[in-house]
Amino acid sequence: MRLDVVTIFPEYLDPLNVSLVGKARARGQLGVHVHDLRAWTYDRHNTVDDTPYGGGPGMVMKTDPWGDALDTVLAEGYETGAHGPALIVPTPSGRPFTQELAVELSERPWLIFTPARYEGIDRRVVDEYATRMPVYEVSIGDYVLAGGEAAVLVVTEAVARLLPGVLGNAESYRDDSFAPGAMANLLEGPVYTKPPAWRGRGIPDVLLSGHHGKIARWRRDEALRRTTANRPDLIERCDPKAFDKKDREM
Ligand SMILES: Nc1c(O)cccc1[N+](=O)[O-]
């Protein structure tokens, strides 16, 4: 997979050089190319924004720098056609970014991110490139950020960990919160490790029992309890039949 990010804060994407994504890059499983949008400005102040038509507060990011930048990126022609690039536009007005969408994006060969600043990008940029590739306008949450770069980090990590060979233990993916299957739409329950006692606090006996069926059922019940407490909106989306099947597998 190849990722391109066009931004006015390229240094914001430095975390893509470390940890899981950094290792995937080093192993050649992921290519990441960060581009400074101001490289496609030609005035003394490297201007990327202007006042909004119709008035109102703030500034809007101009068409030309984005168009020139995206044309340059696309001219590299990494992958084209049906399985070619997709444009990922982080925006508070986008569809919620979910594990399901992360899986969908992880199956594409090339993602091009356009994190905006100010009040956003002139709409004609998205309209122009929507004629050439799928556009995903995604939101990582209902809160106000100064720009979309943090969302690029979030989406990139969620997608990169799904690429074949990136996660050392595929099992750990299977029981993730929101991963497909019986745990879909359930939050992960509590986890414990050594020492067996810490400041007078022990470990739930079932986890020391060695009975895998009971342990799996306890984890399922804890996940249901935590989901009911913190995300009741997910409970009605759970598939109770999947749990029966999972119990039988224990
Ligand atoms: N929430 C937000 C924002 O305020 C600005 C850019 C992107 C996002 N987002 O992806 O959620």
Side-chain angles (χ1 to χ4, degrees), residues 1-16 18-21 30 32-38 40-41 46-67 69-70 73 85-108 110-130 133-163 176-178 185 187 230-231 233-234:
M1 174 183 277
R2 171 170 171 157
L3 305 183
D4 285 85
V5 186
V6 181
T7 171
I8 60 171
F9 289 117
E11 66 278 13
Y12 203 111
L13 284 304
D14 286 352
L16 296 183
V18 299
S19 187
L20 177 136
V21 174
L30 180 64
V32 177
H33 307 263
V34 179
H35 312 270
D36 186 342
L37 179 66
R38 295 191 195 276
W40 287 276
T41 60
N46 299 114
T47 307
V48 294
D49 62 319
D50 205 334
T51 54
Y53 278 122
M59 302 290 274
V60 175
M61 300 191 88
K62 295 165 59 69
T63 53
D64 279 341
W66 284 104
L70 290 172
V73 169
L87 198 68
I88 315 298
V89 184
T91 169
S93 53
R95 63 192 274 202
F97 179 66
T98 61
Q99 188 65 18
E100 184 181 4
L101 183 50
V103 171
E104 180 178 338
L105 295 180
S106 71
E107 291 159 358
R108 299 197 68 93
W110 188 8
L111 304 179
I112 302 174
F113 289 90
T114 58
R117 291 267 149 173
Y118 309 104
E119 298 304 313
I121 303 173
D122 185 307
R123 184 66 198 177
R124 291 171 291 180
V125 174
V126 170
D127 293 346
E128 165 68 11
Y129 290 93
M133 70 188 89
V135 174
Y136 293 80
E137 294 183 90
V138 299
S139 167
I140 61 167
D142 295 336
Y143 34 74
V144 180
L145 302 170
E149 284 78 6
V152 174
L153 296 178
V154 167
V155 173
T156 297
E157 175 151 335
V159 168
R161 65 188 295 279
L162 300 175
L163 298 178
D176 273 354
S177 298
F178 310 109
N185 296 312
L187 306 180
N230 296 340
R231 288 293 304 274
D233 60 299
L234 295 178

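We count ligands from 1, going down the list as the structure has it; atoms in each ligand are counted the same way. This structure is a prediction, so every number in the text was calculated from the model and none was measured.
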Looking at Val144, which atoms of ligand 1 are within less than 4.0 Å of one of its heavy atoms?
-> 4 (O)
Partners passing ring pair (Phe, Tyr, Trp, His ring centres under 6.0 Å) against Trp40 (at least two apart in sequence or in another chain) = none
Among all protein non-hydrogen atoms, which one is nearest to atom 2 (C) of ligand 1, and what is the separation to 0.1 Å?
-> Pro92 CD, 3.7 Å
Report yes or no: does Arg38 contribute a side-chain atom to a donor-acceptor pair with the main-chain N or O of Asn46 at less than 3.5 Å?
-> yes
Judged by non-hydrogen atoms, does Val154 sit under 4.0 Å from ligand 1?
-> no
Do Leu145 and ligand 1 have an N or O pair less than 3.5 Å apart?
-> yes
Tyr129 (side chain) donor-acceptor with Gly67 (main chain) under 3.5 angstrom = yes
Would you say Gly148 has any N or O atom under 3.5 Å from an N or O of ligand 1, going by distance alone?
-> no
Any idea which part of Asp142 is under 4.0 Å from ligand 1, heavy-atom wise: side chain, backbone, both or neither?
-> neither
Looking at Gly141, which atoms of ligand 1 are within less than 4.0 Å of one of its heavy atoms?
-> 1 (N), 11 (O)
Hey, does Val89 have a side-chain heavy atom less than 4.5 Å from the side chain of Val126?
-> yes
Charged N-O contact under 4.0 Å between Arg123 and Glu137 | yes
Test item: side-chain donor near acceptor, Asp4 and Trp110, under 3.5 Å | yes
For atom 1 (N) of ligand 1, the protein heavy atom that lies nearest, with its residue and separation | Tyr143 O, 2.8 Å
Does Ser139 approach ligand 1 within less than 4.0 angstrom via side chain, backbone, both or neither, non-hydrogen atoms only?
-> both
Against heavy atoms of Ala151, which atoms of ligand 1 measure under 4.0 Å?
-> 10 (O)
Please state which protein non-hydrogen atom is closest to atom 10 (O) of ligand 1 and give its distance, to 0.1 Å?
-> Ile140 N, 3.2 Å
Which ligand 1 atoms, with their elements, are less than 4.0 angstrom from a heavy-atom of Val138?
-> 10 (O)
With heavy atoms of Gly147 as the reference, note each atom of ligand 1 found under 4.0 Å away.
-> 5 (C), 6 (C)
Quick one: are Tyr12 and Thr7 in side-chain contact, heavy atoms under 4.5 Å?
-> no
So, do Thr156 and Phe113 sit near enough that their side-chain heavy atoms are less than 4.5 Å apart?
-> yes
Mind checking whether Val6 and Val34 have side chains closer than 4.5 Å, heavy atoms only?
-> no
